[in-house]
A.B. asks: 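Before I ask anything, here is the structure I am working with.
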Amino acid sequence: MASNIRMATRLLTSRTTVALKSLSTPLVVRALPKPTLAPRFASRFLHTAKPPAKDVFAPLDSFPRRHNGSGEQAMSAMLKTVGVKSVDDLIAKTVPSSIRAAKTLALDNGYPERELLKRLKAIASKNKVYRTYIGMGYTDTVVPNVILRNVMENPGWYTQYTPYQAEISQGRLESLLNYQTMVTDLTGMEIANASLLDEGTAAGEAMVMCFTASRNKKKSFFVDENCHPQTIEVLRTRAEGFGINVIVGNYKSFDFESAQKDISGVLIQYPANDGIVIDYQEFTERIHKLGGQVVCATDLLALTMLKPPGEFGADIVLGNSQRFGVPLGYGGPHAAFFACTKDNARRMPGRIVGVSKDATGKKALRLALQTREQHIRREKATSNICTAQALLANMAAMYAVYHGPEGIKQIAQRVHNLTTILSEGIRRAGHTIKNDTFFDTLTIEVTDGSDSVIKRAVDNGINLRRINETTVGVTLDETVTRKDLEDLLKVFSVEGAVPDVSTLAAELAISENKPAQSFPDNLARTSKYLEHQIFNSYRSETEMLRYIHYLQSKDLSLTHSMIPLGSCTMKLNATTEMIPVTWPEFGSIHPFAPADQVEGYKIMLDELSQDLAVITGFDQVSLQPNSGAQGEYAGLRTIKAYHESRGESQRDVCLIPISAHGTNPASAAMAGMKVVIVNCTPNGNLDLDDLKAKAEKHKEKLSAVMVTYPSTFGVFEDGIKDLCDIIHSNGGQVYMDGANMNAQIGLCSPGEIGADVCHLNLHKTFCIPHGGGGPGMGPIGVKSHLAPFLPGHPLVKTGGGKAIGPISAAPFGSASILPISWAYVKLMGGKGITEATEQAILNANYMRSRLQDHYKVLYTNENGMCAHEFILDIRPFGATAGIEAIDVAKRLQDYGFHSPTMSWPVANTLMIEPTESESKAELDRFCDAMISIREEIRAVEEGKQPKVGNVLKNSPHPLDRLMVDEWKESYSREQAAYPKAWLKERKFWPSVSRIDDAYGDRNLVCSCPPISDYQ
């Protein structure tokens, strides 16, 4: 054996290609033809013919070979199937030479995994994790370890896709329904959605809802000055595109009667930014009499003790659920909650989980109503929201399930007790508490000035909120201990002894039997909440663990099989990339922490920005947008601000291809632009003649074009540079949608092609997990002339000198997940990340080649090649067999696969994107499934199976349907469950039969039904 290994080593270090059939038998050596692979691939694998690295001390944990799914031998077979000689030949036939990069990416060489984590730990250690009581909608929290390990750090939860295929998403749908129930219970409202991006943008959505409810006639929206400042500024940014006038003032003194004809709604904070708890009952009644709606931003934990907004007449209630077990994370990701009255339900943005039934009448969950309204209404949509914060909403829901109503109330009461004790100690130290009512926040007028107390606090590792020269704020949370309280009192004690906290509690008569209440009795909560059995069943960690895994077992994720969604890029979310997310050095930082405490974040964010600028060919990058749709909106607002700075505010026309993602026209409309649709040619390419004609027609008003590249149809169009020239010659800017960036990196770049701005979906191309429907990140890169207009922030400097207002509530969006993308780029390096792009294109063309004899492939280039994705046409089967795309999608569930993107961008088609991370074996498994399904369709076409009641129409087939006593179908149980032999060894079972979507919309139920309904 040893001699065999030595012989193999000598052969591998020569330039002779070898085949080692078995080292347990006599070694057989055979010369092979010269490899046809591109030279750049030769050193990627240990079994290559090229000599290994000469440095014998080099680490072996090379990351690209782990990220990319196939090795040299598999790639050689795929290239042969595609009909090309090499990867270089493939790229030459796929990517137009006119845009191909002339040089390699100027990025670091790929780090080995261990070295990468060591370096990032050193960077993270530069962050100072202080005890932080800044508040303003963000508080520290205790993440239950059973949730941290089994949800947040669990690929069975974070690699799921948005639950559009509900039959294989029942677990996360149940958890999101728990979330909605939690929100409606605590807020006292009638209906809630499954989360939004953050509190600030949720307020923006509420403002637009009020505006549209007034039929766009009432163009003013009042915001109380005691709302969080970041929320106020996000509202101002959002209002501009709709022509809404945001009035910031004092809700008590403003003359609403004089302005009643123009005010569509008001926003109040409860408790307010300064901590005061206000009775808004009379104010709400006043606004309703004047014909306006009341929007209330609030705190879920406070609502366990305070009268809920629904009980004093609020129409819309929103806030941040972060303190329900989600780390601070320097501002995100956090799930915003959003609830409203049933009168507003049809206008509510985002995703709503609803209760429906399946084909057998069994209760089943699904996404309901206007879940993707921007795809239906396009430029008439009032929201471009296409994502949510599902993973974080699930964490918050699990927090409520784990603690239950009594546990959450105890946490809230403890926070309030400690705040009451602290307030008395601060008064005795000679300072003034300015808010006479409170839940967890004190506004303190300091006798010796705010700077002195803040310095003492920092010296003791504590962050307070500086309000002005004489005033500071303190917000307590569930992490506060007795020692923390003592240290805070020391900070505020200028002279003399620090009062003993136990003595203070005794003198205030605060005890377990007599808790504090620092607000009026009429504002104390009397109504019950979280009474559903789900919130009263799982108190032990054993039971909670089982519940989490029970839900996880119902959901298909990347832990089971490939998720071949076109345009969604479901690729490897590597463990090494994920590990830093839950480090306290990243997770325990407040978004408004002082700059000298976030040096590690600054280094990491700066390096990521620089790397993304290199990759995209742009000059500067903003990391603020916390979703792809937010990136679109930010990019268009930046373009608009640029035109206005040049005295060309009339430029408001945005050209958008008819094939564009639905968020494109919705984003343009939100940015205050008028959408003009550009046609596509029959082969799927953008119609450049139509583009040119419309650009010239609107020359004086042309603002931008939005174009996806490669195209939405999965093809590199040769006319992309011509498009840029046409738009620029007519005074416009080119916005490139980065949804398909996974086909560009290292081969071409938006900046070099001619784009002025491009957003990047970090949750696609740059490996941030989709999280079952969120989080996402959508930073934008821009050319230098647009850089001064990138998004700013009222509390942390982010934008240029002419920055537009903030797009998101936190200055760097969902900052705590950015280490994932930073790590991906650093691990891959310039060479590795280019190879990933090439393999993504190879994988797509391999699948196209295997399937094109069975299905019609739409839209390839003149060489018959696709980019990183391709479209299969299911439309012909409607006439021949009565089979639609949805039937193929549901049947794929029986084969253990998630459907490709269905009916977009072309109705009744399937768009497939394999990514680079899937192996040839997995690609073959999926192709075999699709070919098998084609044979099942053929059986219907040939009359061997009926058009109604065949195996596709009845799919998917859960176990309970297969276990019926009498099987009456025209096909066997075995064909239903095990159409391919490998399914007998590894089978993922759908939880329910096909769901009745129409029934769910007609009978809208969006909170937990009784458990008996599921039995």
Side-chain angles (χ1 to χ4, degrees), residues 135-138 195-211 220-248 264-269 272-273 295-298 316-322 330-338 349-350 382-385 387-389 591-592 622-627 629-638 640-641 667 670-672 776-780 789-799 803-815:
M136 299 171 69
Y138 303 94
S195 80
L196 291 176
L197 298 174
D198 58 40
E199 183 170 339
T201 55
E205 300 286 353
M207 174 183 66
V208 175
M209 278 177 64
C210 293
F211 176 58
S220 293
F221 186 78
F222 180 85
V223 182
D224 184 61
E225 61 192 7
N226 213 349
C227 292
H228 296 320
Q230 69 273 18
T231 300
I232 294 173
E233 294 308 313
V234 170
L235 281 172
R236 283 179 166 141
T237 305
R238 181 70 65 92
E240 291 177 16
F242 291 94
I244 298 172
N245 175 35
V246 174
I247 303 168
V248 179
S264 63
V266 301
L267 175 67
I268 51 178
Q269 193 93 36
N273 183 55
V295 182
C296 180
T298 189
I316 302 170
V317 182
L318 57 91
N320 186 357
S321 64
Q322 175 264 316
Y330 200 36
H334 305 143
F337 62 87
F338 195 98
T382 56
S383 171
N384 70 347
I385 190 72
T387 186
Q389 302 285 19
F592 309 140
S622 169
L623 296 171
Q624 188 177 119
N626 53 1
S627 79
Q630 288 282 85
E632 293 176 16
Y633 176 62
L636 294 176
R637 285 302 312 273
T638 300
K640 198 165 186 288
S667 296
M670 285 175 56
M777 278 293 283
I780 57 173
F789 308 97
L790 289 172
H793 195 275
L795 301 169
V796 177
K797 181 173 173 52
T798 60
I804 61 172
I807 299 298
S808 306
F812 301 102
S814 297

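What you are looking at is a predicted structure, and each value in this text was computed from that prediction instead of being measured.
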A.B. asks: For Ala336 and Ala202, which heavy atoms make the closest approach, and how far apart are they?
C.D. replies: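 Result for this residue pair: CB-CB, 4.1 Å.
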A.B. asks: Which atom pair, heavy atoms only, marks the closest approach of Val295 to Ala206?
C.D. replies: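 The pair with the smallest heavy-atom distance is CG1-CB, 3.7 Å.
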A.B. asks: For the residue pair Tyr330 and Phe812, establish whether any side-chain heavy-atom pair is separated by less than 4.5 Å.
C.D. replies: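 A side-chain contact under 4.5 Å exists here.
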A.B. asks: Any chance the side chains of Gln322 and Gln389 put a donor and an acceptor closer than 3.5 Å?
C.D. replies: no
A.B. asks: Could you walk me through whether Asn273 and Cys227 pass the side chain to side chain contact (heavy atoms under 4.5 Å, CB included) test, one step at a time?
C.D. replies: CA-CA 5 Å; Asn273 183 55; Cys227 292; 5.9 Å; no
A.B. asks: Write down the atom of Asn226, the atom of Gln269, and the distance for their closest heavy-atom approach.
C.D. replies: O-CB, 3.6 Å
A.B. asks: Which heavy atom of Ala803 sits nearest a heavy atom of Leu790, and at what distance?
C.D. replies: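 Ala803 and Leu790 have their closest heavy atoms at CB-O, 3.1 Å.
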A.B. asks: Any side-chain heavy atom of Pro811 within less than 4.5 Å of one from Pro591?
C.D. replies: yes
A.B. asks: Grab the two heavy atoms, one from Met777 and one from Leu623, that are nearest each other, plus how far apart they are.
C.D. replies: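 Minimum heavy-atom contact is CE-O, 3.1 Å.
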A.B. asks: Tell me, do Leu196 and Pro349 make a side-chain contact under 4.5 Å, heavy atoms counted?
C.D. replies: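 In short, these two side chains touch, coming nearer than 4.5 Å.
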A.B. asks: Would you compute the distance between atom OG of Ser220 and atom CZ of Phe211 and round it to the nearest 0.5 angstrom?
C.D. replies: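 Result: 10.0 Å between the selected atoms.
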A.B. asks: Could you walk me through whether His228 and Tyr138 satisfy the ring pair (Phe, Tyr, Trp, His ring centres under 6.0 Å) test, starting with their C-alpha distance in whole Å, then the side-chain angles of each, then the deciding distance to 0.1 Å, before giving a yes or no?
C.D. replies: CA-CA 11 Å; His228 296 320; Tyr138 303 94; 8.0 Å; no
A.B. asks: Would Arg236 and Val248 count as a side chain to side chain contact (heavy atoms under 4.5 Å, CB included) if you check the C-alpha gap in whole Å, the side-chain angles of each, and the deciding distance to 0.1 Å?
C.D. replies: CA-CA 10 Å; Arg236 283 179 166 141; Val248 179; 3.4 Å; yes
A.B. asks: Taking the side chain from Ser808 and the backbone from Gln624, do they hold a donor-acceptor pair closer than 3.5 Å?
C.D. replies: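 Yes, because the side chain of Ser808 sits within donor-acceptor range (under 3.5 Å) of the backbone of Gln624.
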A.B. asks: Donor-acceptor pair, Thr237 side chain versus Pro806 backbone, under 3.5 Å?
C.D. replies: yes
A.B. asks: Could you tell me the separation between the CD1 atom of Ile268 and the CD atom of Glu225, rounded to the nearest 0.5 Å?
C.D. replies: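 Separation between the atoms: 14.0 Å.
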A.B. asks: Any side-chain heavy atom of Thr298 within less than 4.5 Å of one from Phe337?
C.D. replies: yes
A.B. asks: Are the side chain of Glu233 and the backbone N or O of Leu795 linked by a donor-acceptor pair below 3.5 Å?
C.D. replies: no
A.B. asks: Considering only heavy atoms from C-beta outward, does the side chain of Thr201 approach that of Arg238 to under 4.5 Å?
C.D. replies: yes
A.B. asks: Could you tell me the separation between the CG atom of Asn245 and the CZ atom of Phe221, rounded to the nearest 0.5 Å?
C.D. replies: 12.0 Å
A.B. asks: Quick one: are Met670 and Phe242 in side-chain contact, heavy atoms under 4.5 Å?
C.D. replies: yes
A.B. asks: How close do Leu318 and Ala203 get, heavy atom to heavy atom, and via which atoms?
C.D. replies: CD2-CA, 3.6 Å
A.B. asks: Distance-only, no hydrogens or angles: does the His793 side chain make a donor-acceptor pair with backbone N or O of Ala809 under 3.5 Å?
C.D. replies: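 Yes, because the side chain of His793 sits within donor-acceptor range (under 3.5 Å) of the backbone of Ala809.
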A.B. asks: Would you check if the side chain of Thr638 reaches a backbone N or O of Ile804 as a donor-acceptor pair within less than 3.5 Å?
C.D. replies: no
A.B. asks: Hey, what do you get for CG (Asn626) to CD1 (Ile807), rounding to the nearest 0.5 Å?
C.D. replies: 10.0 Å
A.B. asks: Within the 4.5 Å heavy-atom criterion, are Asp224 and Val266 side-chain neighbours or not?
C.D. replies: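 Not touching, per the 4.5 Å side-chain cut-off.
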A.B. asks: Is there side-chain contact between Pro229 and Met136, with at least one heavy-atom pair below 4.5 Å?
C.D. replies: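 They are in contact (side-chain heavy atoms under 4.5 Å apart), so the answer is yes.
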A.B. asks: So does Glu240 pair up with Arg637, basic N to acidic O under 4.0 Å?
C.D. replies: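 Yes, charged N to carboxylate O under 4.0 Å.
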A.B. asks: How long is the straight-line distance from CG of Leu197 back to OG of Ser627, given to the nearest 0.5 Å?
C.D. replies: 4.5 Å
A.B. asks: When rounded to the nearest 0.5 angstrom, what distance separates OG in Ser667 from OH in Tyr633?
C.D. replies: 9.5 Å
A.B. asks: Kindly indicate, with the supporting measurements, whether the criterion side chain to side chain contact (heavy atoms under 4.5 Å, CB included) is fulfilled by Asp198 and Gln230.
C.D. replies: CA-CA 11 Å; Asp198 58 40; Gln230 69 273 18; over 6 Å; no
